[in-house]
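Each chain gets a letter, A, B and so on, in the order the sequences are listed, and its residues count up from 1. Small disclaimer: the values here were computed from a predicted structure and weren't measured. The figures that follow rest on heavy atoms only: side chains count, while hydrogens, waters and symmetry mates do not.
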Amino acid sequence: MSAVTATQAPTRARARAGGPHYGTGLGLGVAVLYLSLIVLIPLAAVVWRSARLGPVTFWHAIRQPDAWSALSLTVGASLLVALLNLVMGTLIAWVLVRDRFPGRSIVDTLIDLPFALPTIVAGLVLLALYGVNSPLHLNLAYSRIGVVVALLFVTLPFVVRTVQPVLLELDRDVEQAAQTLGASPATTFRRIVLPNLLPAMLSGAGLAFARAVAEFGSTNLISGNIKFHTEVAAVNIFGRIENDDVAGAAAISTALLVIAFVVLIALDLVRRWGRQHG
Amino acid sequence: MASRYALRAVALLYLALLLVLPVGLIGYRTFQHGLAPFIDAVNSPDARHAFWLTLEVAFWAVLANTVFGIGGAVLLVRHHFPGKRLLSTLIDLPLAVSPVVVGLALILVYGANEPVGGWLQRLGLQVIFSVPGMVLATIFVCLPLVIRAVEPVLLQLGEEQEQAAHTLGASRWQTFLRITLPGIRWALAYGVVLCLARALGEYGAVAVVSGRVVGETQTLTLFVEDSFNNFNQPAAFAAATVLAAIAILTLLVAKLLRPKDSP
C-alpha cells in the first residue's frame, strides 16, 4: 500500500510541475484582462491618438516651441541629474558600506525616504528651504536649478541602492593585494573597484534618468512652470490636457513613452553586459 | 584616513541639504506655533474630506492590486505558458510611465467623450472626474509593487510542501490557505505596505483624472497643492506633515518586514 502511494506521488508531482496546470488558462485570462483594461489599452490609446495625426502633424506637435522647449529642458535636466547621481550616489553607497560611524543605519534607512514621500510633498519641503523665504538665503524658486534640485531629491535612492549590494559583495582581498603591490588608493579605486561597480552605477543612473524624465509632482511647485524657462514635459502635457488639446498632449506623451522605452532597452543591455563582465 | 572623513562629510552634507533639512523644516514650520494651528488646519471640512477620500481610493487600489499581486505571482512562478517573459515585462511598464501620461491614457479610454467611457456613462457609471477613475489611476501606478514583492519569496519557497498537501488530499484552496499564504505572508505584507504608501501619496495621475473639485474629488496630495497655491500655507504644511509622517512610518514598517537577504 505504502509502495503504491510512494510511486504515485512523484508521478503526480511531475505531472503538476511539467504539464500545464489546471486553471492556468483562467488565471492567465484574468491577469491579462486586468492588465489590459488598466494599463495596456489606455497606453495604446495614447499612442494610437498620436499615430492618427500622421508623421508630419505629429512632428509639428512636438516641435511647437513651448513643447520642444519643455522636452529639451526635461531631457537636459534629466541627463545632468543622472550624471550627478552617478557621482553622489556612488559616493554615498561607498560611505554607507565602507565607513563606520554612529547613526549609519538611520542614514541608510533615510535614503529610501524620497521613494516613500509623495512627490508634491517633496516639492513643498524643497520650496520651504530653497524658496522665497529661504532660511539659508538661497532662493531657487522658479529657476532651472530648482528643477534640477527637485529631480535630485526624487532620484536619490536609485544609484545608492543599485551600487550598495555590489560593493558589499566585492572581494576586498584584491584591493589589499593591489595596495601591497604599491598602488595608491586612487589607482586601486580606478583599476579594481570602479570596473566592478560600473554596470550597477550605469543601471542606477539609467533608472534615475527614466524617473526624472517622467517626473511631475516635485517640479510642479518649485519650478513655477514658466513656459520656455522652467516648464518640464510632464507639466506641459498637463497644461494641454487642461486646455483640451488632447492630440498635442498625446503626441508629447508618446515622445516621453519612446524615451522611456529606449532607456529600458539600454538598461537591459547594460545588465547583460554587466553579467558578462561581472 | 583624512580622505575617509572627507568622503563621509561630503555624503552627509549632501544628504542633509537635500533630504534632512527640507523635511525637518516642514515639520518645524507646522508646529512652530504649537499644536493648535496644526489641529485647526487638519480639522477643516475640506481637509477631512480629502483625508477620507484618500483612504477610500487607496483602500480599493490596494485591495485590487493585492488580489492581482498574489494571483499574478502564483501564475508567473508556478505556471508555464507561452509569452510569460512578455507578461512579466509588461507588469513593470507602469513604473516607466509619467503619472500625467497615466492620467491622459485613462481619459482617452474612459473619458465621457470616448466610446468606452460614453457607454459606461450611459450605464450610469462616471469614471473620469470621479472616484472610479481615481481608483483606476492609483491601481495603475502601484500595479507592480505587490506582485514583485511576493514573486521571489514564492520562487524560493518551492513547490514540495504544496505537492505534499495536494497528495494528502487537500483541495487547491486549502493548500493555498494553509501552505502558500503562510509562506508568503511577510513578503505580502511588505508589498502591501509599499503599495499603500504609493497609493496614499499619488499626485500626478490623480490630479489629471480627478478634475480636482474641492470637497469632492480632492485627495490629500491635491489638498496640499491647492492650499499652497491659495496662500493657505499652514494648511499645506500641516497636510504635508501628515503625509510625510505616513511616509516615515512606511519606511520603518517596510524595514521591519523586508526579507533579510535582499539589500
Between CH2 on residue A/W48 and CG on residue B/L108, distance to nearest 0.5 Å: 12.5 Å

Spatial distance of atom CZ (B/R4) from atom CZ (A/R100) [nearest 0.5 Å]: 9.0 Å

Flag side-chain contact, heavy atom, 4.5 Å: A/L156 against B/L15: yes

Proximal component of B/A207, with respect to chain A [non-hydrogen, under 4.5 Å]: both

Among A/T109, A/V46, A/D99, residue most engaged with chain B (heavy-atom pairs, under 4.5 Å): A/D99

B/L75, part contacting chain A, at a heavy-atom distance under 4.5 Å: side chain

Side-chain heavy atoms of A/M88 within contact of B/V10, under 4.5 Å: yes

side-chain contact (heavy atoms from CB on, under 4.5 Å) partner of A/I38, chosen from B/V109, B/V102, B/I139, B/V135: B/I139

B/L17 side chain reached by A/L136 side chain, heavy atoms, under 4.5 Å: yes

Partner chain A: residue of B/F68, B/F228, B/F237 with the largest heavy-atom pair count (under 4.5 Å): B/F68

Heavy-atom check, side chain of A/V95 versus side chain of B/L12, under 4.5 Å: no

A/L33 atom CG, over 12 foreign heavy atoms within 6.0 Å: yes

Distance, nearest 0.5 Å, that separates CG of A/L28 from CG of B/L76: 9.0 Å

Separation between CG of A/L221 and CD of B/E225, rounded to the nearest 0.5 Å: 6.0 Å

Contact leader toward chain A among B/V208, B/L200, B/V116, B/L136, where contacts are heavy-atom pairs under 4.5 Å: B/V208

Residue list, salt bridge (charged side-chain N to carboxylate O under 4.0 Å, His left out) with B/D226, at least two apart or on another chain: none

Residue B/V74 versus chain A: region with a heavy atom under 4.5 Å: neither

Residue pairs, two or more places apart or on separate chains, that pass side-chain hydrogen bond (donor to acceptor under 3.5 Å, both in side chains) and touch residues 11-31 of chain B: B/T30-B/T241

Residue part contacting chain A, namely of B/A64, when any heavy atom lies under 4.5 Å: both

Flag side-chain contact, heavy atom, 4.5 Å: B/L243 against A/L117: no

Under 3.5 Å, which donor-acceptor pairs link side chains of residues 119-128 of chain A to any protein atom two or more places apart or in another chain?
none

Gap separating the CG atom of B/L25 from the OH atom of A/Y130, nearest 0.5 angstrom: 10.0 Å

Region of B/L93 that comes under 4.5 Å of a non-hydrogen atom in chain A: side chain

Proximity breakdown for A/F153 and chain B, heavy-atom pairs closer than 4.5 Å: both

Between B/V97, B/T250, B/T89, B/L21, the one whose heavy-atom pairs under 4.5 Å with chain A are most numerous: B/V97

Which portion of A/P135 sits near chain B, non-hydrogen atoms under 4.5 angstrom: side chain

Top contributor to chain A contacts, counting heavy-atom pairs under 4.5 Å, from B/F81, B/Y110, B/F140: B/F140

Chain A contact via B/N65 - which portion, at a heavy-atom distance below 4.5 Å: both

Proximal component of A/I41, with respect to chain B [non-hydrogen, under 4.5 Å]: both

Leading residue by heavy atom contact count with chain B [cutoff under 4.5 Å; candidates A/L43, A/I237, A/V235]: A/L43

Part of B/E114 lying under 4.5 Å from any heavy atom of chain A: side chain

Residue pair A/L256 / B/V100, side-chain heavy-atom distance below 4.5 Å: no

A/L113 CG to B/I248 CD1 distance, which is reported to the nearest 0.5 Å: 5.5 Å

Close contacts, residues 207-218 of chain A versus chain B, judged by heavy atoms under 4.5 Å: A/A214, A/F216, A/G217

Structural part of B/L143 lying under 4.5 Å from a heavy atom of chain A: side chain

Region of B/N229 that comes under 4.5 Å of a non-hydrogen atom in chain A: side chain

